[in-house]
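Proteins come first, then strands; the chains are lettered A, B, ... in the order of their sequence lines, and each starts at number 1.
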Amino acid sequence: MSNENPNTPAVEPNDFIRETVRQDIASGKYKVPVTRFPPEPNGYLHIGHAKSICLNFGIAREFGGQCNLRMDDTNPTKEEVEYVDSITTDVKWLIDGWADHCFGLKPAGKTPDAQTVNGKKDFFLPAIVGSHSSLVEPFYASDYFDQIYEWAVELVKRGKAYVCDLSPEETEAYRGAPDKPGKDSPFRNRSIEESLDLFTRMKNGEFPDGKRTLRSKIDMASPNIWLRDPLLYRIRHSAHHHTGDKWCIYPMYDFAHCLSDYIEGITHSICTLEFEVHRPLYDWILENLDLPRPLPHQYEFAKLIPSYTIVSKRKLIQLVNDKVVTGWDDPRMPTISGIRRRGVPASALRSFAIGVGVTKFISLTDMAVFDHAIREDLNKRALRRLAVLRPLKLTITNLFPHHYEELDAVNNPEDPGTGTRKIPFGNTLYIEHDDFMESPPPKFFRLKPGGEVRLKYAYIIKCDEVVKDASGKVVELRCTADLDSKSGGATSGRKIKGTIHWVSAQHAIDVEARLYDRLFTVPEPDAEGDFKANLNPHSLEVVTAKCEPSLVDASPDLRYQFERLGYFTLDSDSDIEPPTPSQRKLVLNRTITLKDTWAKIEKKQ
RNA sequence: UGCCUCGUAGUGUAAUGGUAGCACAACUGACUCUGGAUCAGUUUGUCUAGGUUCGAGUCCUAGCGAGGCAGCCA
């Protein structure tokens, strides 16, 4: 399957961050932009991350730069290799064929080189860009622990940092409040030598967790809380997924992030709004270390908040642990892996993630916009197939029971190059149960007693008889066909308002169709109260669908449209290589329904 | 009661002192062997009050509203 978006926008996106990048390149501040996508490996990537990925990689590709993937792994108690792997897979999938040529990775196992620049000591770890080699891997902030430690020592030597013995509770009390200045720590003015000694001993594991910290020395009275001598290092006797048990002290986000950016030569460090108040600290750290190369700068944008779902990692993990969904990649999840499994092409997700724009205004993005992006993409590429989700038997009484013919069906009217296929037709069919109503409301132009309808690619039929079982349920329709009305036939031009899909009962294959719907029933599930009270009880319905036989060859790389129903994709629960085609177990996920004007009319009536 | 940020149709997003546009949604209609797609059209907007200016969504002031910040999380 081509990963190219069939609707690549003619105009490149523009926003306040790109504006800055443009100016920085024009002024010669940087030669090319180097961005990074820095997730913490403590959960799966979701649709909100997709926006960030598209922003960072988008800037890289538009300005001839690069974008590094970096694990922001400075907290050993929360991070796992499973998440590193899923993140890497998801990023690759999302940018494949679009920005993989500016994907910055590093040689496996490589850490920064010490070098001298303009007479100053420096650490630098350049990326390998656009490599598909297996000898490259993502960057890890934890690969910089040696360098970050050295810089911490440097800050102490410059009198810009000190070891503090305050307990966590005392530290909090000393910090003050947003509208109340803090108080200096009693350890703030201890000697450089003593801090150096204590910091070394912290590193050597002489103290238990929480006993001491390394703090910057800035201003306890600052109106910005993040400038009130924020912590640089804490003690954590805990193994790390990437560095093992080498360390028992770990740098805080604020200290590690700006320096990681610097080491990789990042120019524009883009993050979400909640880090806005951290920016002065980001700058303070870099400016107080006398670094020889150009410094990175931080820019903030509003994260994506989609309606009818949640993106909080804590809540997502709860859905997984409580088995509300089958896993992180359940097609109802807003995770990138879930979206992928649902059958959404990467190009559709990108189109959405780019289309929502980049601002500093926190907004709720209507999921209908994503739905539209998916349909727009899939409409262009999906192979049309006939399938019936809820079968109703239909017998054509003026054809013999052994009647057999093959009809031509178009694979994709949006793409004539995909040609046609043959579909079998006989006197016994299945049609969609919804396509028949015994006493329909006005404007229902499908089948009704005595009414006529076109069978797609086949004949116009008339409903003569409705057969019911003992309970009164309709179990069969007996119809006569206008035998001259076959597509291309003598009376094929007759105007019939309705056209319905069907499959030949004798030739149809059974498929497990998983019909997914949105996971929540309200636009903002976690606005108030327990978000799980807003779960949609009908978010998954499983039916055995009757499909045209060509689907035995269904491929996970292709997308299908079941005509008049929706878009489907092969799920990984299917057999890929069965002993014989007829033994193949097929599971299809409904990616999204087609737009349904009738449902809207029906609702109004 | 501190600091920072943000307010443009229902939703999201443009307009960089010069005709408020686009997308989604909604609604009409055309076309249709997918009630899909496509095409044409309609409805709805600059938070408020002052000021600067020939001219303000844009600049200034004040107000109102929303959000963020007091993890040894990121």
- If you find the nucleotide of RNA chain B closest to A/E40 and the one closest to A/N224, which residue's nucleotide is nearer the 5' end?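 Nearer the 5' end of the strand: A/N224.
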- 5'-most contact on RNA chain B: A/E274 or A/T171, nearest heavy atom basis? A/E274
Quantified in whole Å, what is the [atom1] atom distance between nucleotide [N] and nucleotide [M]?
N	M	atom1	answer
B/rC60	B/rG21	C1'	27 Å
B/rG10	B/rC4	C1'	30 Å
B/rU42	B/rA9	C1'	14 Å
B/rC6	B/rA25	C1'	24 Å
B/rG17	B/rC59	P	9 Å
B/rG51	B/rA56	C1'	11 Å
B/rU44	B/rU11	P	16 Å
B/rG45	B/rU52	P	29 Å

Between [options], which nucleotide has the shortest distance from any of its atoms to the side chain of [X]?
X	options	answer
A/V277	B/rG68, B/rG71, B/rC72	B/rG68
A/K600	B/rA74, B/rA26, B/rG2	B/rA26
A/R234	B/rC73, B/rU34, B/rG35	B/rC73
A/M252	B/rA74, B/rG35, B/rU34	B/rA74
A/P178	B/rU34, B/rG2, B/rC72	B/rG2
A/R564	B/rG2, B/rG68, B/rG35	B/rG35
A/N75	B/rG36, B/rG68, B/rC73	B/rC73

- Task: Scan A/Y233 against the nucleic acid and name what it touches under 4.0 Å (heavy atoms): base, sugar-phosphate only, or nothing.
- Result: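 Contact class for A/Y233: none.
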- Identify whether any heavy atom of A/P38 sits under 4.0 Å from a base atom; if not, whether one sits that close to sugar-phosphate; answer base, sugar-phosphate or nothing. nothing
- So do A/L281 and A/L227 actually touch side chain to side chain, heavy atoms under 4.5 Å?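 Side chain of A/L227 against side chain of A/L281, heavy atoms only: contact under 4.5 Å found.
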- N-glycosidic conformation, B/rG71 - syn within 90 degrees of 0, else anti: syn
- Item | Footprint string (nucleotides 9-24 of chain B, 5' to 3'): B base within contact, S backbone only, - free, heavy atoms under 4.0 Å | --SSSS-B-------S
- Message: Exactly one of A/E80, A/K78, A/E79, A/K313 should register a side-chain hydrogen bond (donor to acceptor under 3.5 Å, both in side chains) with A/N42. Which one does?
- Response: A/K313
- Task: Determine whether the side chains of A/R421 and A/N411 contain a donor N or O and an acceptor N or O closer than 3.5 Å.
- Result: yes
- Regarding A/D377 and A/S347, is there a side-chain donor-to-acceptor distance under 3.5 Å anywhere? yes
So does [X] reach the base of [N] with its side chain, donor to acceptor, closer than 3.5 Å?
X	N	result
A/E300	B/rU5	no
A/R375	B/rG36	no
A/E602	B/rG35	no

- Item | Whether A/R590 side chain and A/A513 backbone form a donor-acceptor pair below 3.5 Å |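 Side chain of A/R590 to backbone of A/A513: no pair is present.
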- Specify the separation, in whole Å, of atom CZ of A/F562 and atom P of B/rG35.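 Atom-to-atom, A/F562 to B/rG35, this comes out as 17 Å.
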- How about A/K448: does its NZ atom have over 12 heavy atoms from other parts shown lying under 6.0 Å from it? no
- Does a side-chain N-to-carboxylate-O contact under 4.0 Å join A/K211 and A/E206? no
